[in-house]
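Down below is the structure, laid out as structure tokens.
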Protein chains: 2
Amino acid sequence: MAVSARRGAPLTLEEISTTALRLMDEGGVAGLSMRKLAAELDVNPMSLYHHVDNKEALLRVICSTAAQRLELPPDDGSPWQDQLRALAVAYHRNAMEHPALWSHLHDHPEIIQDRDLVLWRTLYRILRLAGVPEPELRRTSDVLHAFVMGFVIAETKGHLPDDPEEVERGFDTAIRLITRGVEGLTGLSPRPPTPPRTSQG
Amino acid sequence: MAVSARRGAPLTLEEISTTALRLMDEGGVAGLSMRKLAAELDVNPMSLYHHVDNKEALLRVICSTAAQRLELPPDDGSPWQDQLRALAVAYHRNAMEHPALWSHLHDHPEIIQDRDLVLWRTLYRILRLAGVPEPELRRTSDVLHAFVMGFVIAETKGHLPDDPEEVERGFDTAIRLITRGVEGLTGLSPRPPTPPRTSQG
DNA sequence: ACCTGAACACCGTTCAAGT
DNA sequence: ACCTGAACACCGTTCAAGT
């Protein structure tokens with residue numbers, strides 16, 4: 001609600017995709033239609049096609065923008081296990097802020113393929129730290145991303161119980177599983193001593 | 001193509017869902033519409049609504065039937081690591097036979113929630129064998145299923161490279177990661193000696 | 001009980017026309 | 001260059017009517 005603002009102004013791709021993202025946030029992927037979007041922008045449906053090839057292209061723009069703007073923790077020098085966990089937490093948080101967007105992104109992984117994306121750069125760096133050999137970085141990072149993606153999807157779709165503390169425990173189990181799994185892959189030391197878990201999010 | 005057969009016969013839920021599944025196999029989730037399905041069955045679109053509440057209900061029928069008919073390997077007494085791998089292989093194979101169906105199923109996990117399904121029974125049995133304590137079976141099985149689901153989605157959507165041998169290696173990495181991860185969770189022995197991998201599927 | 005035709009409220013998109 | 005109205009080819013679904 002409360003549209004206006006766009007009276008006489010020439011309609012921007014930026015404006016279109018911002019509004020489109022809001023519609024997705026509010027009503028899921030199904031909540032975004034070209035016609036509703038146009039109505040929201042107080043514009044004829046066909047005007048949109050002057051700024052975007054079609055609906056699919058619009059979704060691609062929104063998703064790849066989100067992927068480029070992913071906010072991930074920088075290298076803070078801590079053990080790779082901690083950094084891997086921090087990366088997973090950040091990815092999870094970003095995905096939960098716009099579930100419908102990430103749902104579409106997970107349906108169209110080609111959008112996120114570019115190995116220069118901060119996501120892959122960060123993951124590669126951490127896996128190198130963990131001792132994963134160079135020729136296996138691609139494969140290992142793909143598998144780990146698939147796992148985290150699966151977890152995010154399961155959580156988004158309500159696979160998990162209501163109790164948020166239980167969700168937190170599930171997340172913890174997932175991260176521990178991945179971490180031990182990577183240790184197993186590389187035959188590394190079973191990790192430095194970890195406090196019983198007192199983080200908050 | 002080649003429909004016929006249903007001339008005068010009274011139109012069955014079985015017939016409807018079989019044809020619907022075929023349409024999904026051929027054209028993805030988007031390839032199934034109530035109107036196309038009716039045309040395929042040589043029937044008025046509205047006739048379908050006499051056997052099924054709506055499209056969503058039809059998809060639910062197809063998916064839960066598939067879930068109930070999942071063909072999984074029986075307990076053969078081998079080490080849990082091998083059985084876990086065999087389970088993942090079987091799940092993967094089933095999913096790849098009807099990608100669109102499983103895609104919908106993964107979007108609606110409530111369809112697969114019933115803990116009496118052979119999928120969960122089998123997974124619980126294997127995790128017990130692995131030493132996962134009873135109160136953590138639910139959580140652990142949910143996480144593992146989310147992981148495998150994520151891998152299947154990534155593969156289905158073409159996340160992975162073309163080379164089928166590379167896909168096979170990715171699958172292998174995923175399974176090893178999961179197995180070592182579970183070992184890490186339970187603090188179990190790092191597994192009995194395994195031959196270098198000579199299976200064929 | 002089972003099927004149907006017409007109709008309603010939506011879609012995405014093309015095309016020719018307007019300024 | 002940017003926007004628009006009318007139109008096309010689709011959707012899922014309701015409802016009143018047929019046998």
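As a basis for the values below, the full set of heavy atoms in this structure was taken, side chains included, without hydrogen atoms, waters or symmetry mates. Just so it is clear: chains get the letters A, B, ... in the order the sequence lines come, proteins before strands, and each one is counted from 1.
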Acceptor/donor pairs from residues 98-106 of chain A side chains to any protein atom, 3.5 angstrom cut, sequence neighbours excluded:
residue, atom, partner, partner atom, Å
H98(A), ND1, D25(A), OD1, 3.0
H98(A), ND1, D25(A), OD2, 2.9
S103(A), OG, K157(A), NZ, 3.4
H106(A), ND1, W102(A), O, 3.2
H106(A), NE2, Y91(A), OH, 2.9

Contact string for nucleotides 12-19 of chain C, one letter per nucleotide 5' to 3', B = base within protein heavy-atom range under 4.0 Å, S = sugar-phosphate only, - = neither, reads BBB-----
Would you mind reading off the distance between L23(A) atom CG and dC11(C) atom C1', rounded to a whole angstrom? 15 Å
At less than 4.0 Å, is any side-chain N or O atom of H50(A) found next to OP1 or OP2 of dT4(D)? Yes or no. no
Canonical and wobble pairing (Watson-Crick, G-U, under 3.5 Å) of DNA chain C, dot-bracket with |: ||.|||||...|||||.||
So, is S47(B) close to the dC2(C) phosphate, meaning a side-chain N or O under 4.0 Å from OP1 or OP2? no
Presence of salt bridge, E56(A) and R60(A), under 4.0 angstrom: no
How many whole angstroms separate atom CG of L48(A) from atom P of dG5(D)? 13 Å
note: N44(A), atom CG; dG5(D), atom C1'; distance rounded to Å ~ 7 Å
Suppose we screen for side chain to side chain contact (heavy atoms under 4.5 Å, CB included). Which residues come up paired with A38(A), at least two apart in sequence or across chains? V43(A), P45(A), L48(A)
May I ask you to check whether F171(B) and F151(B) place their ring centers less than 6.0 Å from one another? yes
Residue pairs meeting salt bridge (Lys or Arg N to Asp or Glu O under 4.0 Å), one or both in residues 63-72 of chain B, sequence neighbours left out, come to none
Expressed as a whole number of angstroms, how long is the span from L41(B):CG to dT4(C):C1'? 15 Å
Is there a side-chain contact between H51(A) and the phosphate of dA1(D), meaning an N or O under 4.0 Å from OP1 or OP2? no
Any carboxylate oxygen within less than 4.0 angstrom of a Lys/Arg side-chain nitrogen, looking at R139(A) and D172(B)? no
With rounding to the nearest 0.5 Å, note down the distance linking CG in L58(A) to OH in Y49(A). 9.5 Å
Which residue pairs pass the salt bridge (Lys or Arg N to Asp or Glu O under 4.0 Å) test when at least one of the two sits in residues 125-135 of chain A, sequence neighbours left out? D75(A)-R125(A), R128(A)-E134(A)
